[in-house]
2 protein chains.
Amino acid sequence: MRDVAALAGVSLKTVSRVVNEEAGVSPDVRERVGAAVRRLDYRPNLAASNLRRTGARTGLVGVLVQDLSNSFSAGVLRALEDVARSRRTAVLAASLDEELEREQSMVHDLVTRRVDGLVIMPASQRQDYLVAELRTGTPAVFVDRPPRGVDADSVVVDNFLGARLAIEHLLDLGHRRIAGLFHLPQIPTAHDRIAGFTAAHTDRGVRPDPRLVVDGISSTDEATEVVHRLLDLADPPSAIFAGRNILASGAVRALAERGLRRSVALVSFDDFPMADLLDPGLTVVRQDVSRIGRTVGRMLFERIDGESAPPRHVVVEPTLVVRGSGEIPRRPEGQRRR
Amino acid sequence: MRDVAALAGVSLKTVSRVVNEEAGVSPDVRERVGAAVRRLDYRPNLAASNLRRTGARTGLVGVLVQDLSNSFSAGVLRALEDVARSRRTAVLAASLDEELEREQSMVHDLVTRRVDGLVIMPASQRQDYLVAELRTGTPAVFVDRPPRGVDADSVVVDNFLGARLAIEHLLDLGHRRIAGLFHLPQIPTAHDRIAGFTAAHTDRGVRPDPRLVVDGISSTDEATEVVHRLLDLADPPSAIFAGRNILASGAVRALAERGLRRSVALVSFDDFPMADLLDPGLTVVRQDVSRIGRTVGRMLFERIDGESAPPRHVVVEPTLVVRGSGEIPRRPEGQRRR
DNA sequence: CTGCCGTGTGACAACGTTGTCAGGGTCTAG
DNA sequence: CTAGACCCTGACAACGTTGTCACACGGCAG
């Protein structure tokens, strides 16, 4: 900036005025400074500028998701990015991989970087640590999992409802022995899906067989194994509900290995690209990822703009997408057929 | 910081020393300052710190990909993130959506933010504009598409080889009428894949039917349409090569609609999650996304560390992943069979 | 001619931090 | 007892920018 001022023969302040398009600079000077800026490839130092300006924004928001490479996280991030772009804000993204410690250290880092806002898909059970972090006034919005131990905006899917929709759908088709595959039950989303699974049964007077409900499954391979084990039971399930898309792929594989893809019904939570190309197409409970992302973005920027109403907790309703795999009727006997 | 100094009864500089874990502070004072820091929730202002330090890094890298929500971009980003994390660096991510203008403005913004490095999956044809941007010394690494008009490191997949692998595979199975579905030919990746498609044919003395080679297809629906049109020809293709995964899903859909999934061979460029669950499993040319991301990360940080050797251009070899859809033999007559 | 106003410009301090250097205290060797 | 060395600590300037304020100039009314 000093060089620009020297080259244009003006003071630092005048360069600042031109760069910031402030009024009150004669066209002549404005032109001279502009030329000098271009000639020297001058770029204002945003850090210094923010330092000086009172209450300036960094134009940066932090987004902490479970895993940038999974389609749910990536979809939410993408929708958020679009909102951020319209607010001339850049996005700092990171994966938490369900690691509590990483969540805390990332939040700390981002707050230290003075991001204007924070979006968190939490890995931790409780976020008490956030109370201190957010004392600086950084707004935070939770997504996918509600906050515990700290009061903040959130956008979550109604996991209970989603599971119930799926199970009711299967019950309507006559299924009575429905297997449930779930993630770690201490994760709120998994917990609610298990609850929805159970509630749908009991509401209809059906008692779910506890042997058919398996939780703590965290990989596709484990899911394949579990499904094989369930199908080996003397009274195997006639339908399967997968509580997460990666568990659904394990289930699909197990069914395929036994030639049962058209014999055992399957419904999954979470849609994914190309689920409709499977044969039969995979019936899923879909979360509207981009709507979730947009909602989160909108709420975050309202807070950044100074909105100070009490935290809002938006619950997005998932929908059942019928594609075939979930519409296989109960087959009372002779499941081995092709 | 001033408050901390006052509370601890020391000078600003001493607080600075404690915060930065500099040597030469008595344990007593260190402890007092530490307590004050905790009590006041003090956080150093990174911007100010960077401003003062000579040649300090921002601990920030910019990553510009095609679309954060597609699995290739997301996978590369994720692998990059892991490298960045090990270097205590955060990642600023953005989607370009093949928009040239956005590429330029994002690069400009990121350079102004003083990122330590830049990763670009270019949307533009030429990147001459970068010469001026990079004069500040910000290193850049290109991924997926090589740089034009500016000399910089790059990591790209051998698209020519990938397409050739696929076509040779199909030719080996006796196919002679192979359809090719491609993206816009002015995009270098598409261009090379078309070239590989053609070269594989001519190397084997087969003349590809120009009517079977369609480029400029940019959506799944368009691909479906095109495949239907090709299958309506008097002499339809016995195999299809999809030059991109989104085109593959269009092709799968068209084949499914005609009950030809087990009759017409299909090989696609780009793997995607759950491609193995299709029936038959989709045979693809796979790019090792996480290796690409890691390589890019490694190269970028070498530059950030001051490496000044001439730019390197790494070409990653793709591999053919056989899953069934590509191994359907040529069926000389009566393709309509189920 | 004087005084006032508006316009364009610049000097200076300040944002929050750290590098430099100097000073005061304690310790050790001569 | 003194000189030198060493250890801690603090004063001060500087990083690149912008807010505040003052000043110089030309024009205009009295």
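What's counted below: heavy atoms across the whole structure, side chains too, no hydrogens, waters or symmetry copies.
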Rounded to whole angstroms, how far apart are [atom1] on [X] and [atom2] on [N]?
{"X": "A:E22", "N": "D:dT20", "atom1": "CD", "atom2": "P", "result": "11 Å"}
{"X": "A:L46", "N": "D:dT18", "atom1": "CG", "atom2": "P", "result": "9 Å"}
{"X": "B:L12", "N": "D:dA14", "atom1": "CG", "atom2": "P", "result": "17 Å"}
{"X": "B:R52", "N": "D:dA13", "atom1": "CZ", "atom2": "P", "result": "12 Å"}
{"X": "A:R57", "N": "C:dC15", "atom1": "CZ", "atom2": "P", "result": "22 Å"}
{"X": "A:N50", "N": "C:dT17", "atom1": "CG", "atom2": "P", "result": "14 Å"}
{"X": "B:R17", "N": "C:dG19", "atom1": "CZ", "atom2": "C1'", "result": "10 Å"}
{"X": "B:N45", "N": "D:dT17", "atom1": "CG", "atom2": "C1'", "result": "13 Å"}

> More than 12 foreign heavy atoms under 6.0 Å from CZ of B:R312: is that the case here?
Replying inline: yes
> Does atom CZ of B:R126 have more than 12 heavy-atom neighbours from other groups under 6.0 Å away?
Replying inline: yes
> Pick the nucleotide of DNA chain D nearest each of B:R114 and B:T14; which residue has the one closer to the 5' end?
Replying inline: B:T14
>> Go nucleotide by nucleotide along DNA chain D from the 5' end; which of B:R53 and A:R53 gets its closest nucleotide reached first?
In response: B:R53
So which nucleotide from [options] ends up closest to the side chain of [X]?
{"X": "A:S11", "options": "C:dT18, D:dT17, C:dA11", "value": "C:dA11"}
{"X": "A:M1", "options": "C:dG19, D:dT20, D:dT17", "value": "D:dT17"}
{"X": "A:R2", "options": "D:dT18, C:dT17, D:dG16", "value": "D:dG16"}

> Considering residues at least two apart in sequence or located in another chain, which fulfil the side chain to side chain donor-acceptor pair (under 3.5 Å) criterion with B:D97?
Replying inline: A:R78, B:R102
> Which value, rounded to the nearest 0.5 Å, describes the distance between A:S86 atom OG and A:F301 atom CZ?
Replying inline: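 So the gap between those two atoms works out to 7.0 Å.
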>> Distance check, rounded to the nearest 0.5 Å: B:T189 atom OG1 versus B:N159 atom CG?
In response: 5.5 Å
> Can you list the steps and then say if B:D116 with B:T58 is a side-chain hydrogen bond (donor to acceptor under 3.5 Å, both in side chains)?
Replying inline: CA-CA 6 Å; B:D116 295 334; B:T58 51; 3.2 Å; yes
> Between B:R85 and B:T89, does a side-chain hydrogen bond (donor to acceptor under 3.5 Å, both in side chains) hold up when you go through it step by step?
Replying inline: CA-CA 5 Å; B:R85 195 200 326 285; B:T89 296; over 6 Å; no
> Closer than 4.0 Å, any side-chain N/O of B:S49 to the OP1 or OP2 of C:dT18?
Replying inline: yes
>> Heavy atoms only, 4.0 Å cut-off, all strands: where does A:N20 land among base, sugar-phosphate and nothing?
In response: sugar-phosphate
> Can you list, by residue number, the residues of residues 25-35 of chain B that have a non-hydrogen atom closer than 4.0 angstrom to DNA chain D?
Replying inline: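 Nucleic-acid contacts, sorted: B:V25, B:S26, B:V29.
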